[in-house]
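So you know, we letter chains A, B, ... as the sequences are listed, proteins then strands, and number each from 1.
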Amino acid sequence: MLDIQLLRKDLAGAADRLAARGVTLDTAGFERLEAERKSIQVRTQDLQARRNQLSKQIGVARGKGEDASALMAEVGGLGDDLKAAEERLAAIQEELSGLLLSIPNLPHESVPAGQDERDNVELRRIGVPRVFAYSPLDHVAIGENLDLLDFPTAVKISTSRFVLMRGDLARMHRALVQFMLDTHTREHGYEEVYVPYLVNADSMRGTGQLPKFEDDLFKLSNGMYLIPTAEVPVTNIVRDEIIPAENLPIKLVAHTPCFRSEAGSYGKDTRGMIRQHQFDKVEMVQFVHPDRSHEALEELTGHAEAILKKLDLPYRVVALCAGDLGFSSAKTYDLEVWLPGQQTYREISSCSNFEAFQARRMQARFRDGKAKPELIHTLNGSGLAVGRTLVAVLENYQNADGSVTVPEVLRPYMGGQVSVLPE
RNA sequence: GGAGAGGUGGCAGAGUGGUCGAAUGCGCCGGAUUCGAAAUCCGGUAUAGCGCUUGCGCUAUCGGGGGUUCGAAUCCCCCCCUCUCCGCCA
């Protein structure tokens, strides 16, 4: 959520920055609403003040045993006007807050201009894609040849966009999770947290999934939602909290499944594990002082990169252009891993600084000594998407004989196993 | 799931229709006292919004929402949460 004060002070400026990401702000509509809000609010509060004043006088008069009927008559005359004003004010404020909740974040000044993913800027490439002596298979072929990746059975049990992994593959998936969590907690200073996978609407609103993106979520009959990312429960830990400044930064990491309806992605990435309704992710979240959130974004991105480096997977870092930014983000770096089976880089992590956008929705603040509470800045990044990491390992570590070499860093997590062999 | 009790400021805890945004205690901040400290005394100590703007005034907020009333922390309805007992269960 943007600061409404900013919209009041510099509406044109905010509109310009939103235009950079392809969003048109209805400035005339906002100004009209604001003007009405102002006049109705002043009128409502004046009436309320008058009512309170008279009501107190009635109390005093009654206390003294005096006749209060004249006062009662006067306050009674306020009734209809007051009720109408209060209702109108509530309606306007609801409209205003609805508008406010639907406006995306402003891009940070360092974000490259551009309309869509084609305008994203590649910052660096790390690692060299392996040269194969044969035409490398994609993960589906590799996994199915090993008899460890089973889509038809998953469809039978559930529906499309789910997967069943067996044996060494399921084990490697688990090993990846352990490896990632251990790296972030031991080497990067994160605290591991275990969180609910079902959250309420307030939490979804806090991080920005609601009200605009309800279609992307799985909603339960009791009004709860399946989390689409650990970002939601982890970030909402600080909702409605005031954190002592000396406790910042707070760095948390969680492993959770993620559930996404993938509405609107029909026909996209239908083959394999790239786009599933359910996938696991290790997610890093940081709560930081506003002065150092952009520094923190660089660090957090480095923490995600460290996993790829340790796994020796070739990847590149891309700065999203303004038009490709997510709703809540002020700045985002995507990490894209090389997939030999597709001969392309695919997103495996997304690291974002939301600045105060989520904090304002959540009322997540910090206090420095006696100063007034101030909004914190929130960040998060995948470290990494586990399913896609498994895909990357399968494709990059495949061998001509159909086996897959276990990356060295994973071996301690797999009982020293060096490779996954066909039966 | 059944029965009961409860949700009030940073914390504890009063308040069952009227100068209650809320007693009192603790904590915290400032001052007095002291060589200094403790103790003691005095004063201050929520959040958000709005309007004039060094400050002041007003409005809202006592789990959330709705209602009754001139007036609600207090009465009514719905929901959420916590605790105790029973049932069930990993």
Participant: Under 30°, 30 to 60°, or over 60°: which ring-plane class applies to His184(A) and Tyr190(A), parallel, tilted or perpendicular?
Facilitator: perpendicular
Participant: Can you tell me the base-pairing partner of C62(B)? Count Watson-Crick or G-U wobble geometry only, both distances below 3.5 Å, and say none if there is no partner.
Facilitator: none
Participant: So which nucleotide does U45(B) pair with, by the Watson-Crick or G-U wobble rule with both distances under 3.5 Å?
Facilitator: G27(B)
Participant: Which nucleotide, if any, forms a Watson-Crick or G-U wobble pair with U40(B), using both distances under 3.5 Å?
Facilitator: A32(B)
Participant: Could you tabulate the donor-acceptor pairs under 3.5 Å formed by side-chain atoms of residues 321-332 of chain A, not counting sequence neighbours?
Facilitator:
from: Asp324(A); atom 1: OD2; to: Asn120(A); atom 2: ND2; distance (Å): 2.9
from: Ser328(A); atom 1: OG; to: Thr207(A); atom 2: O; distance (Å): 3.1
from: Ser329(A); atom 1: OG; to: Lys331(A); atom 2: N; distance (Å): 3.1
from: Ser329(A); atom 1: OG; to: Lys331(A); atom 2: O; distance (Å): 3.1
from: Ser329(A); atom 1: OG; to: Thr332(A); atom 2: OG1; distance (Å): 2.6
from: Lys331(A); atom 1: NZ; to: Ser110(A); atom 2: OG; distance (Å): 2.8
from: Lys331(A); atom 1: NZ; to: Tyr333(A); atom 2: OH; distance (Å): 3.2
from: Thr332(A); atom 1: OG1; to: Ser352(A); atom 2: OG; distance (Å): 2.7

Participant: For Asn222(A) and C79(B), what is the distance between atoms CG and C1' respectively, to the nearest whole Å?
Facilitator: 13 Å
Participant: Please report the distance separating the P of C76(B) from the corresponding atom of U68(B), rounded so that it comes out in whole Å.
Facilitator: 15 Å
Participant: What's the gap between C26(B) and C58(B) when it is taken at their C1' atoms, as a whole Å value?
Facilitator: 33 Å
Participant: Report which part of the nucleic acid Gln5(A) touches: base, sugar-phosphate, or nothing (heavy-atom distance under 4.0 Å, all strands).
Facilitator: sugar-phosphate
Participant: When the P atoms of C42(B) and C79(B) are considered, how many whole Å apart are they?
Facilitator: 49 Å
Participant: When both hydrogen-bonding distances must be under 3.5 Å and the geometry is Watson-Crick or G-U wobble, what is C89(B) paired with, if anything?
Facilitator: none
Participant: Please state whether the base of G49(B) and the side chain of Gln45(A) form at least one donor-acceptor pair under 3.5 Å?
Facilitator: yes
Participant: With rounding to the nearest 0.5 angstrom, report the CD to CD distance, Gln53(A) to Glu74(A).
Facilitator: 9.0 Å
Participant: Taking atom C1' in both G6(B) and G18(B), what distance in whole Å separates the two?
Facilitator: 27 Å
Participant: Give Asp46(A) one of three labels, base, sugar-phosphate or nothing, depending on what nucleic acid heavy atoms sit under 4.0 Å from its own.
Facilitator: nothing
Participant: Scan nucleotides 17-23 of chain B nucleotide by nucleotide, 5' to 3', and note B when protein non-hydrogen atoms come under 4.0 Å of the base, S if they reach only the sugar-phosphate, - if neither.
Facilitator: -BB-S--
Participant: Given that both distances must come in under 3.5 Å, which nucleotide forms a Watson-Crick or G-U wobble pair with G71(B)?
Facilitator: none
Participant: Quick one: label Arg50(A) by what it contacts on the DNA or RNA (base, sugar-phosphate, nothing), any heavy atom closer than 4.0 Å.
Facilitator: nothing
Participant: Suppose we define a pair by two distances each less than 3.5 Å, Watson-Crick or G-U wobble; what does U84(B) pair with here?
Facilitator: A3(B)
Participant: Would you say that Gln358(A) contacts Asn236(A) through its side chain, given a criterion of any heavy-atom pair below 4.5 Å between the two side chains?
Facilitator: no
Participant: With rounding to the nearest 0.5 Å, note down the distance linking CZ in Phe259(A) to CZ in Phe279(A).
Facilitator: 10.0 Å
Participant: Both distances under 3.5 Å, Watson-Crick or G-U wobble: report the partner of G51(B), or none.
Facilitator: C56(B)
Participant: Mapping Pro373(A) and Lys83(A) to their closest nucleotides on RNA chain B, which lands nearer the 5' end?
Facilitator: Pro373(A)
Participant: Pick the C1' atom in C88(B) and in G71(B), then give their distance to the nearest Å.
Facilitator: 48 Å
Participant: Would you indicate whether the side-chain heavy atoms of Asp147(A) and Arg166(A) approach each other to under 4.5 Å?
Facilitator: no
Participant: Rounding to an integer number of Å, can you tell me how far Ile4(A) CD1 sits from G49(B) C1'?
Facilitator: 10 Å
Participant: For the C1' atoms, the ones on G15(B) and on G25(B), what distance do you get once it is rounded to whole angstrom?
Facilitator: 15 Å
Participant: With rounding to the closest Å, how many angstrom separate the P atoms on A3(B) and U8(B)?
Facilitator: 25 Å
Participant: Closer than 3.5 angstrom, by distance alone: can the side chain of Arg388(A) be matched with the main-chain N or O of Ile348(A) as a donor-acceptor pair?
Facilitator: no
Participant: C28(B) and G65(B): how far apart are their C1' atoms, nearest whole angstrom?
Facilitator: 35 Å
Participant: Between Arg43(A) and G51(B), is there a side-chain N or O to OP1/OP2 distance below 4.0 Å?
Facilitator: no
Participant: Round to a whole Å and report the spacing from CG of Asp202(A) to C1' of G64(B).
Facilitator: 9 Å
Participant: Who does A22(B) pair with, Watson-Crick or G-U, both distances under 3.5 Å?
Facilitator: none
